[in-house]
Amino acid sequence: MKESSKCPKFRREGRGDYELAVHRLARAKHFSGIEEIIEHQKHYPDIRHEPFARLLILLYGKARMFDHARKLFDEMPQLNCQRSVFTFNALLESCIRSERYDKIGELFRELPAKLEIEPNVVSYNLAIKALCKAGSLDSALLLMDVIEKHGIKPNIVTCNTLLNALYGSQRFSEAENLWIVMETRNIVPDLCSYNIRLRGLIKVNEVSKAIQFFEEIVKKGFKPDKFSYNTMITMCVDEGNLEEAKMWYQKMVQNGCLPVDATFHMLIPLACDAKKFEFALHLCKKAIEAQVLVYREIMQRVIDGLVEHSEIENAKELVKLAKSCNFHYELWLPLHS
DNA sequence: CTAGGGTTAG
């Protein structure tokens with residue numbers, strides 16, 4: 001790292017890099033710290049690199065501080081930082097992350113002409129996403145046709161955004177219609193498209209169709225991912241079917257997909273409901289092993305259940321494991337003596 | 001170099 005990019009505030013930690021500092025502050029939700037860095041950074045060259053400014057704009061979005069993102073975008077010329085369509089797109093995303101959907105149209109009307117930036121398919125995909133999020137699905141669908149007239153071809157991301165919104169608002173026949181449109185326009189569906197459809201089926205309780213569709217995804221040569229498996233597990237949890245849920249969990253692990261926090265949060269309470277505390281114990285151990293945080297209350301429920309079923313040794317083992325792992329769960333054995 | 005799925009004891 002160049003000396004000029006050192007940030008005095010973080011130098012003593014042995015990390016002089018601004019980007020690392022900013023990431024760390026964002027993770028800690030310490031957004032005023034980010035502003036401090038920008039202020040400091042204005043006198044140094046890093047911010048003149050467009051990617052770094054773009055990162056800050058996105059982080060402001062994450063912090064739901066769109067006005068700050070916009071301010072930085074406007075100040076970039078004074079900081080000798082060139083703006084491109086990438087910067088514009090970052091600003092759009094920041095706007096969406098801040099849920100300021102009303103601002104999107106304004107940005108499109110104002111900026112491209114002024115800055116001689118040509119919006120591209122990514123820009124329009126973001127606009128479509130904003131419309132979907134704002135509940136204007138019809139306008140979003142129209143926009144897909146409008147951009148074609150501007151010479152921009154919708155791609156699979158465009159379609160997935162719209163498919164998701166259509167299934168989400170239960171407009172199934174229009175969703176099916178979009179699949180046909182995709183075929184005629186040679187837009188090839190990907191795993192994301194299929195996962196969206198899988199969720200669509202589950203949303204209307206088409207269990208057997210969902211299972212069948214899952215098989216079709218595999219037959220098409222796709223390797224189901226954590227989204228696919230978690231969708232199937234959600235379906236089983238909704239039905240209270242532990243055996244099926246367990247089956248999908250096992251498939252998930254066998255196929256090298258790592259269960260995530262939601263997987264454990266769905267499965268462990270389900271196992272407890274069914275009084276299958278040995279499976280619940282197994283899941284807790286796996287979560288600890290994979291360093292996935294599980295709510296303390298859920299772990300405690302497993303321990304209580306094990307004790308109730310006289311599995312004292314297992315309960316003790318879990319308490320010990322949970323206490324000594326990274327999360328230092330505070331658990332107790334409900335033994336009366 | 002960007003953009004698009006979801007779940008949870010919240």
Side-chain angles (χ1 to χ4, degrees), chain A residues 19 49-55 57-58 61 82-97 104 117 119-133 140 143-144 147 152-168 175 178 182 187-203 210 213 217 222 224-238 245 248-249 252 257-273 280 283 287 292-302 304:
Chain A
E19 218 169 286
H49 296 302
E50 189 271 346
F52 185 67
R54 207 195 313 155
L55 172 76
I57 288 172
L58 289 172
Q82 268 284 318
R83 286 171 296 194
S84 68
V85 68
F86 291 99
T87 335
F88 175 62
N89 291 346
L91 187 64
L92 293 176
E93 192 176 342
S94 182
C95 186
I96 292 174
R97 287 183 181 182
I104 294 272
I117 285 172
N120 59 15
V121 67
V122 175
S123 324
Y124 286 110
N125 282 345
L126 287 165
I128 287 173
K129 185 181 176 182
L131 287 169
C132 291
K133 291 231 173 205
L143 189 52
M144 178 161 132
I147 64 174
I152 290 170
K153 278 216 163 309
N155 60 15
I156 187 59
V157 177
T158 323
C159 297
N160 286 344
T161 308
L162 290 168
L163 277 175
N164 191 45
L166 285 171
Y167 284 118
L178 184 50
M182 285 161 67
I187 299 172
V188 182
D190 58 12
L191 182 58
C192 177
S193 328
Y194 292 123
N195 283 339
I196 289 169
R197 186 171 182 173
L198 198 59
R199 258 195 311 282
L201 287 171
I202 282 162
K203 209 174 170 105
F213 190 63
I217 297 173
F222 287 97
D225 62 3
K226 60 177 183 181
F227 292 99
S228 329
Y229 288 108
N230 275 334
T231 302
M232 298 311 279
I233 292 172
T234 309
M235 177 188 83
C236 302
V237 170
D238 288 344
W248 286 108
Y249 166 77
M252 179 180 202
C257 282
L258 287 178
V260 294
D261 50 356
T263 321
F264 292 114
H265 282 145
M266 288 189 287
L267 287 176
I268 299 174
L270 185 67
C272 289
D273 287 343
L283 292 167
V292 173
L293 182 69
V294 170
Y295 291 114
R296 195 191 60 81
E297 294 81 356
I298 291 182
M299 285 257 183
Q300 187 63 55
R301 193 177 162 195
V302 177
D304 295 350

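The figures that follow rest on heavy atoms only: side chains count, while hydrogens, waters and symmetry mates do not. Every chain is numbered from 1, with letters handed out A, B, ... down the list of sequences.
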Length of the [atom1]-[atom2] vector between [X] and [N], whole Å:
X: R296(A); N: dT8(B); atom1: CZ; atom2: C1'; result: 17 Å
X: I128(A); N: dA3(B); atom1: CD1; atom2: P; result: 16 Å
X: Y229(A); N: dT7(B); atom1: OH; atom2: C1'; result: 16 Å
X: F88(A); N: dC1(B); atom1: CZ; atom2: P; result: 20 Å
X: I233(A); N: dG5(B); atom1: CD1; atom2: P; result: 21 Å
X: I298(A); N: dA9(B); atom1: CD1; atom2: P; result: 6 Å
X: L162(A); N: dG5(B); atom1: CG; atom2: C1'; result: 14 Å
X: L143(A); N: dA3(B); atom1: CG; atom2: P; result: 18 Å

Check your understanding: Just checking, any donor-acceptor pair under 3.5 angstrom between side chains of Q300(A) and D304(A)?
Key -> yes

Counting side-chain heavy atoms from CB outward, which of [options] is closest to [X]?
X: H265(A); options: dT8(B), dT7(B), dT2(B); answer: dT8(B)
X: A262(A); options: dG5(B), dT8(B), dC1(B); answer: dT8(B)
X: I196(A); options: dA3(B), dG5(B), dT7(B); answer: dG5(B)
X: V121(A); options: dC1(B), dG5(B), dA3(B); answer: dA3(B)
X: V122(A); options: dT8(B), dG5(B), dA3(B); answer: dA3(B)
X: R199(A); options: dA3(B), dC1(B), dG5(B); answer: dG5(B)
X: E93(A); options: dG5(B), dT2(B), dC1(B); answer: dT2(B)

**Study point:** Donor-acceptor pair under 3.5 Å, N120(A) side chain vs dT2(B) base
**Key:**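 It does, because a donor-acceptor pair links the side chain of N120(A) to the base of dT2(B) below 3.5 Å.
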
**Study point:** Presence of donor-acceptor pair under 3.5 Å, side chain of N155(A) and base of dA3(B)
**Key:**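 Pair found.
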
Review point. Are any of the side-chain nitrogens in K203(A) or D238(A) under 4.0 Å away from the carboxylate oxygens of its partner?
Key: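 So K203(A) does not pair with D238(A) through a salt bridge.
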
What's [X] touching, base or sugar-phosphate or nothing? Going by heavy atoms closer than 4.0 Å.
X: T231(A); answer: nothing
X: I268(A); answer: nothing
X: R197(A); answer: nothing
X: N89(A); answer: base
X: K129(A); answer: sugar-phosphate

Review point. Which residues pass the salt bridge (Lys or Arg N to Asp or Glu O under 4.0 Å) test with R83(A), sequence neighbours left out?
Key: none

**Study point:** Test salt bridge (Lys or Arg N to Asp or Glu O under 4.0 Å) applied to R199(A) - qualifying residues, sequence neighbours left out
**Key:** none

Check your understanding: If we require ring centres under 5.5 Å and near-parallel planes under 30°, does Y295(A) stack on dA9(B)?
Key ->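 Stack criterion not met.
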
**Study point:** Pairwise distance CE(M232(A)) to CG(N195(A)) - rounded to 0.5 angstrom
**Key:** 10.5 Å

Check your understanding: N125(A) and side-chain hydrogen bond (donor to acceptor under 3.5 Å, both in side chains): which partner among N89(A), N155(A), T161(A)?
Key -> N155(A)

